[in-house]
Amino acid sequence: MFYEFKKIEEKWQKKWDKEKAYRSLPDPKRKKFYLLEMFPYPSGKIHMGHVRNYTIGDVASRFKMLQGYNVMHPMGFDAFGQPAENAAIKNKTKPDLWTHKCIKDMEQELKKMGFSYDWEREISTCEPSYYKWNQWIFLKMFERGLAYKKASAVNWCSSCSTTLANEEVIDGACWRCHTKVEQKDLEQWYLKITEYKEKLLDDLTQLNEWPERVIAMQNNWIGKSSGVDIYFRLSNSDKIISVFTTRPDTIFGATYIVLAPEHPLVNGLIKGKPQEKEALKFIDKVAKESKVVRASSDVKKEGIFTGSFAVNPVNNEEVPIWIADYVLMEYGTGAIMAVPTHDQRDFLFAKEHNLPMRIVINPTTYDLQLITMREAYEGDGKQVNSGEFDGLTNTEAKNKIANWMEQKKIGKIQTHWRLRDWLISRQRYWGTPIPIIYCEKCGVVPVPYEDLPVELPKDAPFTGEGGNPLGKVKKFVEVKCSKCKARARRETDTMATFFDSSWYFLRFCSPKFNAGPFDVQDAKYWMTVDQYIGGIEHAILHLLYSRFFTKFFQDIKMIDFSEPFQRLLTQGMVLKDKEVMSKSKGNIVDPDSMIKNYGADALRLFILFAAPPETELEWDERGLEGAFKFLNRVWRIQDNLKEKSDPELLKILHKTIKKVGDDFQEFKFNTAIASLMELTNAIYQSGSDKEVFAKLIIMLSPIIPHFAEEAWQQLGNKESIFKTVWPLVDKKLLIEENVTIVIQVNGKVRTKIDVAVSISEDELRKMVLADERLKPWIENKPIRNFIVVPNKLINLVL
RNA sequence: GGGCGGAUGGCGAAAUUGGCAGACGCGAUAGCCUUAGGAGCUAUUGGGGCAACCCUUGGAGGUUCAAAUCCUCUUCCGCCCACCA
């Protein structure tokens, strides 16, 4: 019999599709398992990254089915976004036509991989039936003050002509097109994610089934830092400059302070001073500089003296006030105290501008000398020149000084966060319209719930020029105020697409529900997502936003949990010649052609076997050929199956069942496949045993579902293999009667002996000492130590 | 600068978590089968050595009866964050 993968795969794909084989319904009597992979952007073609991501998910899903779980495994499309608009301009089509075509193509490609999706739950975020609920959620947030509009300097991508969230700025450039991001003052919509900063941080400790590095990255991003705000009074007035520091132990060494050029007090400080003109020039220059340039670490720190002084509140010393580009208005208080002796940036700046220094912490083993210092001393040590705190270790002094300043009301213990509110306005067409109306009389008016959805007009012009196409559609823009019925103007900004994906996992629970974003009862049954799988690139953006939305839904009492994803797996990238596959590098391997040549099952098998899921995977077509060969080898076993049972083979079978079950649970597919290969080899060696073969097929079925269904049918089964159960381990067969023990002399392997598991240590000792093969090694030498590791190893120490 | 993760044959990788380093596969070599094979089967395959043996997990030390695994130092690579006070 020849393994005709093409025929087999088509046959089963058709059958699964027709029978809706992977439909999932809530069933309180059965234990549920919600398995989710990050849904794709519908580009029209799947790539190897998708193949890997979804194959891992599919194996997990099918394994859970075989274990008897009520599995929900949905798929959908993150369908809003810029490429559709670009395609519309380029190909003279419409974003929705283009997107729908892409979705169609992509569904076909996914089906060709044999993934076990419940297609009845398919969602696409660009449908009004979906984005209506984006608008609903936005309004709920607006009512609670969590969605608000403010003017501020925002990240602007001139190429995409839209704003970007902080999270979307990568290395100072647009995450999508890599154009350098500029600063622009605009009025924009924000979501108040900062309202949840403590919860987002604290709940990270609950996520013990998430990869540590994702937790670390989120931790970092939220960026809680504890310290003290210290109040410096201006020398010639009562005005206060508040500076933030995490090192209150160095306050006695603060010899000057530095403000960000944008700091509101700056103008007053330079007014009338000899430096005024020069300072204004400097401020202007910095303002024009993009954040990218300003943030690049190789640029020299620039600054200028204001001509004014402030008073260090701990010792009443007058210190000069400077402005410098390395101090950022967005962080802390926009002002710092500079301690050149114990902060490297301050040290360089002070040297450059000849500013005073004072040592206030000495290392425990020697004393610092100002003249010999080549760099700041940032380590721990003992306080000096610090008034009543001299002699304390700086770690003790940190708290003591902080408390002392608070008592004297010259400072306040303070926590600052790195996390900013989330900018969601995009000046684009292909996204969810923000449901807001601007009325001259009533101001900002939310669209009433009963008027949702605010639908995207289908006939917007796509020219690629003149900004947002939405703004050019008169009947969209011109509306009546829903409060006073006067002529008003509709918001033309749309929502960032990350809004759409921040709650889609909830929508999957009841994708057609039309009385709310999701059916609370269904969500109660299916949520939380038991296993989530996706790329590490979403470690911050999508995963943080989803956690935020979940907490919001909990607050409005629609769900009773605060974290959406129980267990998270981040799969590694697929590389070709050690580089990420990308169009620009021209090293893309198209999954479709691989399916044509070797079949989806072989592709699935290879991609799981070649590397563990979390590490990078080097593409190697010869490896794929190897997987294909293995399938042929298994296929050929069917030619002469016999009803017989070889006790040795049965032992191997049950060991394999145990190993593969454990490995699947832990996503160690590569080693699971290795043991299945070993079992296959053993079947060949002992003659083909029908019962063992059937078990082998069941274990392989999550990996190569088409192949397994076909073989299962050939074995005479009427029902799908996925209706059967995972084989049970016969524990009796795992027990070994004999065991091989390694004998070492001084830690080197010299021989091995086979003994009964039950052998006593005394008997074992006698046997070893009598062993002829060891004689040359231990002759005439006293044995100092006789180490026995039960059933494993003996080490004779001479 | 901070955080996280790596480094094991020609290649992808295993190693029950301190107990036989290199499972499984790719590639390679030889043979069989075949009209032929880029199919299949069998054997060999970390390095050195005729051999007994010796060496070998980026490098240098250390702990231990025993180290790929633990500790210290060090080199290189990847990812994330970053003038964050």
Side-chain angles (χ1 to χ4, degrees), chain A residues 2 170-171 211-221 223-225 227 243-247 250 257-258 260 291 294-301 324-328 330-339 343-346 348-349 378 416-418 536-537 539-540 570 572-573 575 578 605-606 609-612 614-627 629-630 632-633 636 659 662 668 670-678 680-681 684 740-752 776 783-798:
Chain A
F2 190 66
I170 312 290
D171 287 334
E212 260 178 64
R213 61 174 174 157
V214 176
I215 305 277
M217 281 158 77
Q218 293 222 351
N219 231 317
N220 231 314
W221 189 262
K224 181 178 181 172
S225 105
V243 306
F244 175 63
T245 182
T246 54
R247 295 288 306 271
T250 64
I257 65 178
V258 190
K291 257 192 213 159
R294 209 171 141 185
S296 58
S297 44
D298 44 321
V299 172
K300 203 165 172 188
K301 327 288 179 234
D325 56 359
Y326 74 94
V327 176
L328 306 173
E330 301 86 59
Y331 188 75
T333 58
I336 61 159
M337 65 178 201
V339 185
D343 180 291
Q344 185 58 18
R345 269 167 320 171
D346 295 343
L348 292 174
F349 194 81
E378 294 180 339
H416 286 277
W417 302 74
R418 227 187 62 100
I536 187 73
E537 66 272 21
I540 297 170
T570 48
M573 301 216 240
L575 309 181
K578 309 268 173 205
L605 179 65
F606 164 69
F609 181 56
E614 303 204 68
T615 59
E616 289 173 337
L617 185 150
E618 175 67 25
W619 177 262
D620 182 4
E621 194 164 333
R622 287 177 309 196
L624 176 55
E625 269 178 61
K629 275 191 208 168
F630 172 73
N632 277 287
R633 195 168 146 80
R636 281 196 307 274
K659 166 87 174 141
D662 291 351
K668 295 177 177 172
N670 54 335
T671 50
I673 292 167
S675 351
L676 289 166
M677 285 172 167
E678 283 177 274
T680 305
N681 293 341
Y684 261 95
T740 306
I741 294 186
V742 172
I743 318 286
Q744 297 182 334
V745 178
N746 283 335
K748 294 205 169 184
V749 181
R750 293 307 177 192
T751 187
K752 293 169 192 185
I783 292 168
R784 287 196 294 141
N785 210 343
F786 195 101
I787 288 161
V788 179
V789 183
N791 293 331
K792 245 177 212 163
L793 175 139
I794 287 168
N795 192 10
L796 304 177
V797 188
L798 302 178

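This one's a predicted model, so the numbers in the text were calculated from it and none came from an experiment. When reading the values below, keep in mind they use all heavy atoms of this one structure, side chains included, and skip hydrogens, waters and symmetry mates.
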Under-3.5 Å N/O pairs linking protein and nucleotides 54-57 of chain B:
from, atom 1, to, atom 2, distance (Å)
B:C54, OP1, A:Arg750, NH2, 3.2
B:C54, OP2, A:Arg750, NH1, 3.3
B:C55, OP2, A:Lys748, NZ, 3.0

Name the pairs: protein N/O against N/O of nucleotides 68-71 of chain B, kept only if under 3.5 Å.
none

Nearest heavy atoms of [X] and [Y], plus distance in Å:
{"X": "A:Ala611", "Y": "A:Glu616", "value": "CB-O, 3.8 Å"}
{"X": "A:Glu378", "Y": "A:Arg247", "value": "O-NH1, 3.7 Å"}
{"X": "A:Ser225", "Y": "A:Thr246", "value": "OG-CG2, 3.8 Å"}

Between atom [atom1] in [X] and atom [atom2] in [N], what is the gap in whole Å?
{"X": "A:Trp221", "N": "B:C84", "atom1": "CH2", "atom2": "P", "result": "14 Å"}
{"X": "A:Leu798", "N": "B:A66", "atom1": "CG", "atom2": "C1'", "result": "14 Å"}
{"X": "A:Leu348", "N": "B:A85", "atom1": "CG", "atom2": "C1'", "result": "15 Å"}
{"X": "A:Glu330", "N": "B:A82", "atom1": "CD", "atom2": "C1'", "result": "14 Å"}
{"X": "A:Glu614", "N": "B:C79", "atom1": "CD", "atom2": "C1'", "result": "14 Å"}
{"X": "A:Asn746", "N": "B:A66", "atom1": "CG", "atom2": "C1'", "result": "10 Å"}
{"X": "A:Asn785", "N": "B:C65", "atom1": "CG", "atom2": "P", "result": "8 Å"}

Sugar-phosphate atoms are those with a prime plus P, OP1 and OP2; base atoms are the rest. Using that split, label each nucleotide of nucleotides 38-50 of chain B B, S or - for protein heavy atoms under 4.0 Å, 5' to 3'.
-SSS---------

Annotated protein contacts, base or backbone, on nucleotides 2-24 of chain B with a non-hydrogen cut-off under 4.0 Å, one of B, S, - each:
--S-------BSS----BB--BB

For atom [atom1], what is the distance between [N] and [M], given to the nearest Å?
{"N": "B:A68", "M": "B:G19", "atom1": "C1'", "result": "13 Å"}
{"N": "B:G38", "M": "B:G48", "atom1": "C1'", "result": "35 Å"}
{"N": "B:G3", "M": "B:A82", "atom1": "C1'", "result": "11 Å"}
{"N": "B:C65", "M": "B:G59", "atom1": "C1'", "result": "26 Å"}
{"N": "B:C24", "M": "B:U69", "atom1": "P", "result": "24 Å"}
{"N": "B:C33", "M": "B:A23", "atom1": "C1'", "result": "30 Å"}
{"N": "B:G58", "M": "B:A52", "atom1": "P", "result": "28 Å"}
{"N": "B:A21", "M": "B:U57", "atom1": "C1'", "result": "7 Å"}

Quick one: pull up [atom1] in [X] and [atom2] in [Y] and give me the separation to the nearest 0.5 Å.
{"X": "A:Asn795", "Y": "A:Ile787", "atom1": "CG", "atom2": "CD1", "answer": "5.5 Å"}
{"X": "A:Arg213", "Y": "A:Glu614", "atom1": "CZ", "atom2": "CD", "answer": "7.5 Å"}
{"X": "A:Met677", "Y": "A:Asn681", "atom1": "CE", "atom2": "CG", "answer": "8.5 Å"}
{"X": "A:Leu796", "Y": "A:Gln744", "atom1": "CG", "atom2": "CD", "answer": "9.0 Å"}
{"X": "A:Lys659", "Y": "A:Lys668", "atom1": "NZ", "atom2": "NZ", "answer": "6.0 Å"}
{"X": "A:Thr250", "Y": "A:Met337", "atom1": "OG1", "atom2": "CE", "answer": "3.5 Å"}

Any cation-pi pair here, A:Arg345 with A:Tyr326, using under 6.0 Å and within 45°?
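Output no; distance or angle outside limits.
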
Could you check A:Ile783, A:Val745, A:Asn785 and say which one makes a side chain to side chain contact (heavy atoms under 4.5 Å, CB included) with A:Val797?
A:Asn785

Hey, which of A:Asp343, A:Thr245, A:Leu328, A:Asp346 is the one that makes side chain to side chain contact (heavy atoms under 4.5 Å, CB included) with A:Ile336?
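Of the listed options, the one satisfying the test is A:Asp346.
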
How far apart are the C-alpha atoms of A:Trp619 and A:Phe606, what are their side-chain angles, what is the distance that settles it, and do they pass the side chain to side chain contact (heavy atoms under 4.5 Å, CB included) test?
CA-CA 9 Å; A:Trp619 177 262; A:Phe606 164 69; 3.6 Å; yes

More 5' along RNA chain B: A:Met573 or A:Gly626, using each one's nearest nucleotide?
A:Gly626

Under the criterion side chain to side chain contact (heavy atoms under 4.5 Å, CB included), I'd like the reasoning laid out for A:His416 against A:Thr333: C-alpha separation, chi angles, the key distance, then a yes or no.
CA-CA 9 Å; A:His416 286 277; A:Thr333 58; 4.3 Å; yes

Could you spell out the base pairing of RNA chain B as a dot-bracket line? Use Watson-Crick and G-U wobble contacts where both distances are under 3.5 Å, [ ] for crossing pairs, | for partners on a different strand.
(((((((..(((......[....)))((((((.......))))))(((....)))..(((((..]....))))))))))))....

A:Arg418 and A:Asn220 side chains, donor-acceptor separation under 3.5 Å:
no

Within 90° of 0 counts as syn, otherwise anti: where does B:U63 fall?
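Anti conformation for B:U63.
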
Taking syn as a glycosidic torsion within 90° of 0 and anything else as anti, which one is B:G9?
syn

Should the pair A:Phe244 and A:Tyr331 be assigned to parallel (<30°), tilted (30 to 60°) or perpendicular (>60°) ring geometry?
perpendicular

side-chain hydrogen bond (donor to acceptor under 3.5 Å, both in side chains) partners for A:Asp662, two or more places apart
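Expected list: A:Lys658.
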
